[in-house]
Amino acid sequence: MIFTAPPTPALSADTLIALLIFLFPLAYSPGPGNAFFAAIGASKGLRAAVPALAGYHVATFGVTAVIGIGLGVTVLEHPLFAKVLSAVGSLYVLWFAVTFVRAARAKGGATTDATPIEEQRIGFWAGAVVLLLNPKAYYIVAVLFTQFLGPPADDGVATVLVITIVFTLNNLVAFIVWVLGGRALTALFRSERSKRGIDCLFAATLIGVAVWMAAPLFA
């Protein structure tokens, strides 16, 4: 009888723990994606945020896997392409900020032609586009693989897949926490005036996200 050694796992337990520690501050600390989904949570709740969450993290999985196997070099090697993504992405997020301002004005009776933010659908593609048009996300993924992907080996694709899954799921859990946090903030302030203030707060936050995404334009 021939005995064979058990297959080597794509990531050792120690490496997996180190990966989770590395990802924790990236996912749970304030950032553009967190702010975007906290704003959705505050306005619409978790159930309404699910399509955008799905879109964002399907895009996250795809981008991470492509960069991990060495195909996602376009953005990293062509600064002009990154600047185009930054410009379009920042304008896209600014559009969401405008919807929050319009919602605040509508609640205050300042205008009657604005569609309430609660009635606006932020769907799958909205979430996907926020990730795809953010070139800084590409660089973060590249740094991730620089730290945790060793020299090419027979199990290189398996390792990339494990890192991609862990990164995506960790990010998803963090964003759900931020969605719930945004909703909890709204629940604390039930008056119309407070709700208008929260809409304005998240509009300002999204403007900050847009500026953050546009930073490569001035580099």
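We use all heavy atoms of the structure for the numbers below, so side chains are in, but hydrogens, waters and symmetry mates are not. All figures in this text were calculated on a predicted structure; none of them were measured in a lab. Positions are given from 1, in the same order as the sequence printed here.
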Does any part of the side chain of [Y], heavy atoms only, come nearer than 4.5 Å to the side chain of [X], both counted from C-beta?
X	Y	answer
His57	Asn171	yes
Leu132	Tyr138	yes
Leu169	Val173	no
Ile176	Phe37	no
Ile163	Thr159	yes
Val88	Val129	no
Phe145	Thr164	yes
Asn34	Tyr28	no

Minimum heavy-atom separation for [X] to [Y], with atom names?
X	Y	result
Ala27	Ala174	O-CB, 3.4 Å
Lys44	Arg183	N-NH1, 3.6 Å
Leu94	Ala210	CG-CB, 3.6 Å
Pro135	Leu133	CD-O, 3.3 Å
Ala49	Val179	CB-CG1, 4.1 Å

With a 6.0 Å cut-off on the ring centroids, do Tyr56 and Phe36 count as close? no
For the [atom1] atom of [X] and the [atom2] atom of [Y], what is their distance to the nearest 0.5 Å?
X	Y	atom1	atom2	value
Trp95	Ser90	CH2	OG	15.0 Å
Thr64	Leu131	OG1	CG	7.5 Å
Leu185	Leu180	CG	CG	12.5 Å
Leu172	Thr60	CG	OG1	9.0 Å

Indicate, with yes or no, if [Y] and [X] share a hydrophobic cluster defined by side-chain heavy-atom contacts under 4.5 Å among Ile, Leu, Val, Met, Phe, Trp and Tyr.
X	Y	value
Ile165	Phe148	no
Val160	Leu19	yes
Phe61	Phe175	no
Val93	Ile140	yes
Leu26	Val130	yes

